[in-house]
Amino acid sequence: MSETQKAIKDYEDLIEEDLWTQEIPGKLKEALDTYRKAENGLMALQVADRDARRSQQRVLAYCLMRQGNVLRHLGNKEEASMRSERSIAAARACGDDITLARSLLSRGTDKITLGEVQQGLELLEEAHVLFQSGHSHDHQQGLGWYWVLQADLANAGVIEQEPAAIVEFANHALEVLKPIENCPGIARAYAARAQAHEKLGNTGAAAADRKEQKRYEVKVQSGESDSG
């Protein structure tokens, strides 16, 4: 491994550590600071080799996507949108379908939060197709999160779906995410299904799902999970 490749890998590890130690626990401003430092470091690298350039763009796309997610949660929709747009450009440059699909999912969410619902949904569907194109762990993880987003958007009234359909969206998410133990996604899927059951008047089912939601949230906080 060249020094450049090692530096890229070190930045990737830093981003992943930041996700678990700062972003997921809710230390969003601290997480954003670290992501920005990683971005600056990646951009400053002198990369001449083609493979190293692709690796740099892949990690940069991930870094920008994480920044977009944090900024969205902080309420800075416009800046989040700018980061997700840059994330897609880097993802296309790296030539990796999973990286592109993740960036499309993030960009689609940003479009929806900005009121550009149809464009956002089209980006989500483009990501959906890419996630369905393989059976790797990353493909499954992305597919599960696609269904979580569909359930959340329907529960929020952004897309029109009956509660029974939302239950099915959450079921799809759980079918994919439970085997790979993606606890953040599993917790979100149970939360979405509980909300749909509440709308249907299924109080017992809703209560059971809320219990499972909390159980998986505890796993997330204790680190017993794959990343989201």
Side-chain angles (χ1 to χ4, degrees), residues 19 23-26 28 65 68-70 72-75 77 80 84 101-102 104-132 135 137-222 224-228:
L19 168 65
E23 182 183 343
I24 287 178
L28 299 182
M65 185 194 75
N69 288 348
V70 171
R72 195 183 309 123
H73 281 99
L74 289 171
K77 297 178 182 179
S84 63
R102 287 171 172 167
L104 288 167
L105 207 66
S106 180
R107 180 61 174 156
T109 303
D110 283 329
K111 284 281 190 181
I112 290 167
T113 62
L114 289 169
E116 301 173 32
V117 176
Q118 187 55 44
Q119 292 181 36
L121 293 176
E122 288 172 2
L123 289 169
L124 295 188
E125 287 309 312
E126 188 177 349
H128 185 203
V129 171
L130 290 171
F131 286 132
Q132 285 186 310
H135 301 285
H137 177 280
D138 288 339
H139 284 90
Q140 294 300 100
Q141 180 173 270
L143 184 60
W145 275 98
Y146 163 83
W147 286 116
V148 169
L149 277 174
Q150 289 293 317
D152 284 347
L153 291 169
N155 271 326
V158 175
I159 56 177
E160 293 186 9
Q161 292 288 349
E162 294 297 322
I166 300 172
V167 169
E168 287 305 308
F169 291 162
N171 286 343
H172 290 321
L174 291 169
E175 287 170 5
V176 176
L177 294 176
K178 289 185 80 172
I180 62 173
E181 298 183 354
N182 186 281
C183 295
I186 295 168
R188 283 273 295 274
Y190 274 122
R193 197 170 73 177
Q195 190 174 343
H197 278 311
E198 287 162 359
K199 292 176 182 177
L200 290 166
N202 299 334
T203 55
D209 280 351
R210 292 293 183 195
K211 183 177 180 180
E212 288 298 293
Q213 173 194 346
K214 290 178 181 177
R215 185 165 73 89
Y216 278 96
E217 287 173 346
V218 169
K219 287 189 174 188
V220 172
Q221 293 301 320
S222 65
E224 297 179 39
S225 174
D226 179 28
S227 63

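Along the sequence shown, the residues carry numbers beginning at 1.
Looking at every heavy atom in both residues, N171 comes nearest to R193 through OD1-NH1, 2.7 Å. Scanning all heavy atoms of the two residues, the minimum distance from L105 to L149 falls at CG-CD1, 3.6 Å. Between V176 and Q140, the shortest heavy-atom distance links the atoms CG1-O, 2.8 Å. Contact detail for L200 and P163: the closest heavy-atom pair is CG-CB, 3.5 Å. Listed here is the closest heavy atom pair of A101 and A127: O-CB, 3.4 Å. Across every non-hydrogen atom of K199 and A154, the tightest pair is NZ-O, 4.3 Å.
Between atom CG of residue L28 and atom NE2 of residue H73 there is a gap of 7.5 Å, rounded to the nearest 0.5 Å. The distance from the CD atom of Q118 to the CD1 atom of I112 is 9.5 Å, given to the nearest 0.5 Å. How far CG of L19 is from CD1 of I24: 4.0 Å, rounded to the nearest 0.5 Å. The distance from the CZ atom of R210 to the CZ atom of R215 is 16.0 Å, given to the nearest 0.5 Å. Expressed to the nearest 0.5 Å, how far CG of D152 lies from CD of Q195 amounts to 8.0 Å. Taken from CD in Q119 to CG in L123, the straight-line distance is 7.5 Å, to the nearest 0.5 Å.
A salt bridge between D110 and R72 is present, with a side-chain N of the basic residue lying under 4.0 Å from a carboxylate O of the acidic one.
Listed for the K178 side chain is no donor-acceptor partner under 3.5 Å among the backbone atoms of C183. Of the possible polar contacts, none joining the N182 side chain to the Q141 backbone as a donor-acceptor pair under 3.5 Å is found.
Looking at H197 and V167, their side chains come closer than 4.5 Å, going by heavy atoms from C-beta outward. The shortest distance between side-chain heavy atoms of R102 and F131 falls below 4.5 Å.
Within a 6.0 Å sphere centred on CD of E125, other residues, nucleotides and ligands contribute more than 12 heavy atoms.
Side chains of Q132 and Y146: no donor on one and acceptor on the other come within 3.5 Å. A side-chain N or O of E217 and one of Q213 form a donor-acceptor pair less than 3.5 Å apart.
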Checking side chain to side chain contact (heavy atoms under 4.5 Å, CB included) for the pair L153/L124: CA distance, chi angles, key distance, verdict?
-> CA-CA 12 Å; L153 291 169; L124 295 188; 3.8 Å; yes
Residues N155, Q161; criterion side chain to side chain contact (heavy atoms under 4.5 Å, CB included); working and verdict = CA-CA 8 Å; N155 271 326; Q161 292 288 349; over 6 Å; no
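Across K111, K77, R107, a single residue satisfies salt bridge (Lys or Arg N to Asp or Glu O under 4.0 Å) together with E116, and that is K111.
Taking the six-membered ring for Trp and the full ring otherwise, W145 and H128 have centroids separated by 6.0 Å or more.
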